Protein chains: 2
Amino acid sequence: MAGAFALGFKQCRKIGGSQIRSLLRAKDVFLFDCDGVLWNGEAAVTGAPKVLRTLLKHGKHVFFVTNNCTKLRENYAKKFSRLGFTGVRPEQIFSSSYCSALYLRDVARVQGQVFVIGGEGVRNELRQAGIPVVGDEDEAPDATIFHCGLASDVRAVLVGHDDKFTFLKLAKASCYLRNPECLFLATDADPWHPLPGERILPGSGCLSAALEVASGRKAMVIGKPSPFMFECISSQFSVDPAQCLMVGDRLETDMLFGSNCGLDTMLTLTGISHMKTAQEYKDCDHPANHSFVPDYVVDTIADFLPAFEED
Amino acid sequence: MAGAFALGFKQCRKIGGSQIRSLLRAKDVFLFDCDGVLWNGEAAVTGAPKVLRTLLKHGKHVFFVTNNCTKLRENYAKKFSRLGFTGVRPEQIFSSSYCSALYLRDVARVQGQVFVIGGEGVRNELRQAGIPVVGDEDEAPDATIFHCGLASDVRAVLVGHDDKFTFLKLAKASCYLRNPECLFLATDADPWHPLPGERILPGSGCLSAALEVASGRKAMVIGKPSPFMFECISSQFSVDPAQCLMVGDRLETDMLFGSNCGLDTMLTLTGISHMKTAQEYKDCDHPANHSFVPDYVVDTIADFLPAFEED
């Protein structure tokens with residue numbers, strides 16, 4: 001089966017039955033986004049745990065690439081287990097916080113402290129990698145940017161999801177970034193995430209956008225759609241892009257990530273993006289939009305199951 | 001004296017002595033930005049109070065156009081008085097919060113509540129205009145976007161400077177903006193403001209950028225460089241753009257505002273922008289940058305004083 005990448009354009013083909021079977025046979029490595037693909041919040045997508053079990057039983061390699069930076073890999077593995085996905089090891093999970101720690105330690109080789117906008121998940125992932133993180137525990141509740149303390153050895157600012165984001169954190173980060181040698185990283189650039197009841201949760205991309213305006217600089221994004229997470233996988237496991245299928249629910253992150261890494265891509269319709277939007281990107285004259293188009297589309301990854309049963 | 005606007009391009013001319021005298025004679029209306037022009041923080045620019053007194057003595061009309069949204073006009077007038085600028089009336093002060101209230105009341109004629117990201121200055125300016133503002137006084141300290149209350153009749157979100165900005169405010173505003181009929185306004189788009197000790201204060205532009213990402217919408221900006229503040233002045237006073245001089249310290253807001261309103265512009269070098277940057281904009285091939293170029297440049301508005309003395 002020739003990958004659509006080899007043909008140079010994405011076909012946005014809704015597939016089922018024998019087409020899924022051929023695709024599953026042709027690919028050895030499956031990269032899954034998590035939320036919207038395997039589960040929604042705390043509810044597993046029906047059949048998804050069985051899909052994972054079956055892929056592993058058939059000797060497939062499975063990795064999880066998630067822009068969620070709020071959990072340590074170990075805690076992410078516990079979520080898999082809690083929702084019925086058995087046998088997932090932390091080593092298979094490439095979160096944007098883990099990959100940020102790898103970037104800071106192994107690529108940037110940062111010397112000094114990192115100022116983190118983000119929760120305990122991302123801070124702990126950095127600490128586990130041996131990277132010192134500026135503490136904010138001793139900040140007085142009425143501290144302001146006029147009088148607060150600023151560490152003198154901050155060499156990077158990392159912005160991730162932070163539901164305790166404040167003006168003071170933004171102001172401190174802005175001050176640190178006045179030093180042009182201070183790196184500016186974002187775990188991801190996700191704009192928002194759906195919540196029950198028509199609400200939305202602002203994503204890390206909002207917070208990094210605020211800091212980009214204050215600093216006049218652009219954040220380097222670690223998570224999808226940047227290819228760095230795939231480089232992290234490649235550096236630890238032997239993976240051939242031609243043998244990989246990237247499965248996700250968001251065109252602007254997951255499908256673009258796949259395109260950026262030269263992977264075949266599959267959109268599953270259990271999450272954020274709709275078939276209609278994918279078609280609109282496909283039909284759009286602007287070539288940049290074609291990178292959002294998936295090669296394949298399924299209603300749910302549970303559509304994989306009949307393909308295995310007929311083996 | 002032909003205004004540079006009439007000539008179709010800005011000359012960025014450093015002027016003094018007789019050139020200033022001619023300019024002051026030619027203009028009847030002086031629009032001043034405040035911070036960086038009349039004062040820096042709590043210190044008046046040397047000679048600036050006398051400049052204002054002298055302009056008024058010579059029958060000139062003076063207005064103040066400021067993107068600072070943190071004070072009621074009355075309180076702004078008190079700051080003038082405290083720093084030695086005598087005789088300034090609230091009616092001469094066009095702040096971004098006052099003009100936001102005018103827009104909501106007289107242009108948008110908003111029916112319903114306004115959700116404000118901003119301090120008491122902007123909230124009170126809205127209340128004085130009779131616009132109901134969503135209260136946040138009763139919010140529990142551990143409230144989250146998952147469970148907090150959301151008002152059902154919010155018809156506009158207004159973003160201004162807010163040193164008590166939190167993730168929850170951002171999230172609430174994002175939810176309100178899911179309603180396409182809910183207006184999205186920003187008092188201004190200033191990226192940052194200088195603080196003593198090489199620190200910076202993030203501006204309203206950071207907060208509106210965060211909300212733009214979360215909502216996928218663009219804020220309508222009320223303050224400079226949008227021409228709306230000049231429309232507010234024109235609606236209350238008889239002003240001929242050809243008779244106006246806009247004096248400011250920031251190329252990207254003050255000079256662009258003047259250009260957008262068809263006013264002659266003067267950069268004073270007591271604030272943020274430098275002569276070098278103005279020259280770079282002038283020499284730049286990109287026509288859009290020419291709107292940042294001032295017609296005239298002075299070191300300080302105190303350079304006006306000799307012109308009057310020689311009258």
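As the structure is a prediction and not an experimental result, all values here were calculated from the model. Each chain gets a letter, A, B and so on, in the order the sequences are listed, and its residues count up from 1.
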Residue part contacting chain A, namely of B/Leu168, when any heavy atom lies under 4.5 Å: neither
All pairs passing side chain to side chain donor-acceptor pair (under 3.5 Å) where residues 180-193 of chain A contributes a residue, at least two apart: A/Asn67-A/Asp190, A/Asp188-A/Ser204
Proximal component of A/Arg199, with respect to chain B [non-hydrogen, under 4.5 Å]: both
Option in B/Leu150, B/Thr166, B/Thr144 with maximal non-hydrogen atom pairs under 4.5 Å from chain A: B/Leu150
Between B/Ser174, B/Gly197, B/Pro196, the one whose heavy-atom pairs under 4.5 Å with chain A are most numerous: B/Ser174
Shortest non-hydrogen contact from B/Cys206 toward A/Val213: N-CG1, 3.8 Å
Contacting moiety of A/Ile145, where chain B heavy atoms sit under 4.5 Å: both
Any side-chain heavy-atom pair of B/Leu195 and A/Phe146 under 4.5 Å: yes
More than 12 heavy atoms from other groups under 6.0 Å of CD on A/Glu42: yes
Max heavy-atom pair count under 4.5 Å with chain B, selected residue of A/Cys175, A/Pro202, A/Pro191: A/Pro202
Shortest non-hydrogen contact from A/Leu207 toward B/Phe167: CD2-CD1, 4.5 Å
Over all atoms of both residues, closest heavy-atom pair of A/Arg178 and B/Glu198: NH1-O, 3.2 Å
Residues that B/Lys71 engages under salt bridge (charged side-chain N to carboxylate O under 4.0 Å, His left out), provided they are two or more places apart: none
Contact class of A/Leu211 relative to chain B, heavy atoms under 4.5 angstrom: neither
Rounded distance (nearest 0.5 Å) linking atom CD1 of A/Ile200 with atom CG of B/Leu177: 8.5 Å
